[in-house]
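Each remark here refers to the structure printed beneath this line.
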Amino acid sequence: MLRGLYTATAGMMSQQRRMETLSNNMANANTPGYKADQTSLRAFPELLLHATGKTEVPTTKPLNLPYAQPIGGLNTGVYVQELAPLFAQGDIQQTGIDTDLSIIQQETSGAVFFTVEQTDGTYRYTRNGNFALDSQGFLTTNDGLYVLDENFNRIQINDRSFQVQPDGTLLVNDQPVARLGLTYTENPNELVKEGNGLFRLPQQEGEEEPQLLPLANNVVFEIRQGFLERSNVDSSRTMTEMMAAFRAFEANQKVIQAYDQSMQKVANEIGRIN
């Protein structure tokens, strides 16, 4: 009887994790460059049950146990195997602000990113082009991280009136001063998602942190100034999935309540001596 209790509990925990992910997606529906997380549910390994204490001799000897008679399989529930960001292109919104930049890709596979530098000197990658100029004229993110050029140097613009070409070249008075340090990966699912719209490559223990490669010539993209890439969260679909997750959670909850009532009846009535 308790096996079903554990299965329902696993289902509740999985749906709760799924609800947390969907809620986070909904909360970031208006965050520029945000990539929605997707949950992947997987079943626990199936068990093969055998009956013991049988007097008849089975025709086969499963698991090399002559006293065991096979009954059948039992699934023990599901769990959240992983969270994977969806790297689909978000809608492009015009802002008219020169420091707002968006990446527009023509490919369905792979992803292009801006490269930024953290305070400890390590690199991170983002699709959030909501940039600004600090007091010294450096191009930074809203969190103060420096935006890097193609040589992984900080971009300093002494004139607040500048233009950005579709290939990422920055012009001041029609003169090129730098080119955005854009990086590319053919498999964006290998990236590890961090907070504030940042991504990084997974790092093996004892090894240096790996970096994405610069753009190849065959990658088709466009940098558009005065525009932002919006979140790729589909609000209506997310709300529908949240309702489905809640109902699945509620169904598993009722299964547990039924088991609880059954065990209460066993404890209070079946063993009673009249």
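Within 6.0 Å of CG on Asp120 lie more than 12 heavy atoms contributed by other residues, nucleotides or ligands. The local environment of CE in Met13 is sparse, with at most 12 non-hydrogen atoms from other residues, nucleotides or ligands closer than 6.0 Å. Asn24 CG: more than 12 foreign heavy atoms inside a 6.0 Å radius.
Taking the centre of each ring, Tyr125 and Phe114 stay at or above the 6.0 Å mark. Aromatic pair Phe113/Tyr184: centroids not less than 6.0 angstrom apart.
In the model, Asp234 has a side-chain atom that pairs as donor or acceptor with a side-chain atom of Ser236 under 3.5 Å. Counted by atom type alone, Thr185 and Asn187 present zero donor-acceptor pairs between their side chains at under 3.5 Å. Under the 3.5 Å distance criterion, with hydrogens and angles disregarded, a donor-acceptor pair is assigned to the side chains of Arg127 and Gln105.
Clustering ILVMFWY residues whenever any of their side-chain heavy atoms sit less than 4.5 angstrom apart, transitively, puts Ile104 in a cluster other than the one holding Leu228. There is a path of hydrophobic side-chain contacts, each under 4.5 Å, that joins Ile223 to Ile157.
Looking only at distances, a side-chain donor or acceptor of Ser14 sits under 3.5 Å from a matching main-chain atom of Val78. The backbone N or O of Gln163 sits nowhere less than 3.5 Å from a side-chain atom of Asp98 that would complete a donor-acceptor pair. No donor-acceptor pair under 3.5 Å is formed between the side chain of Asp37 and the backbone N or O of Ala84. Using modelled atom types, no side-chain atom of Lys35 and backbone atom of Ser231 make a donor-acceptor pair closer than 3.5 Å.
Of the residues Thr99, Asp100, Thr141, Thr95, the one that meets the side-chain hydrogen bond (donor to acceptor under 3.5 Å, both in side chains) test with Asn130 is Asp100.
In this structure, Lys193 is not positioned above the aromatic face of Phe87 in the sense of NZ or CZ being under 6.0 Å from the six-membered ring centre and within 45° of the axis.
When side chains are defined from C-beta on, Val233 does not count as touching Thr31, because their heavy atoms never get closer than 4.5 Å. The closest side-chain heavy-atom distance from Leu5 to Met263 is below 4.5 Å.
Salt-bridge check for Glu229 with Arg224: failed, with every basic side-chain N at 4.0 Å or more from each acidic carboxylate O.
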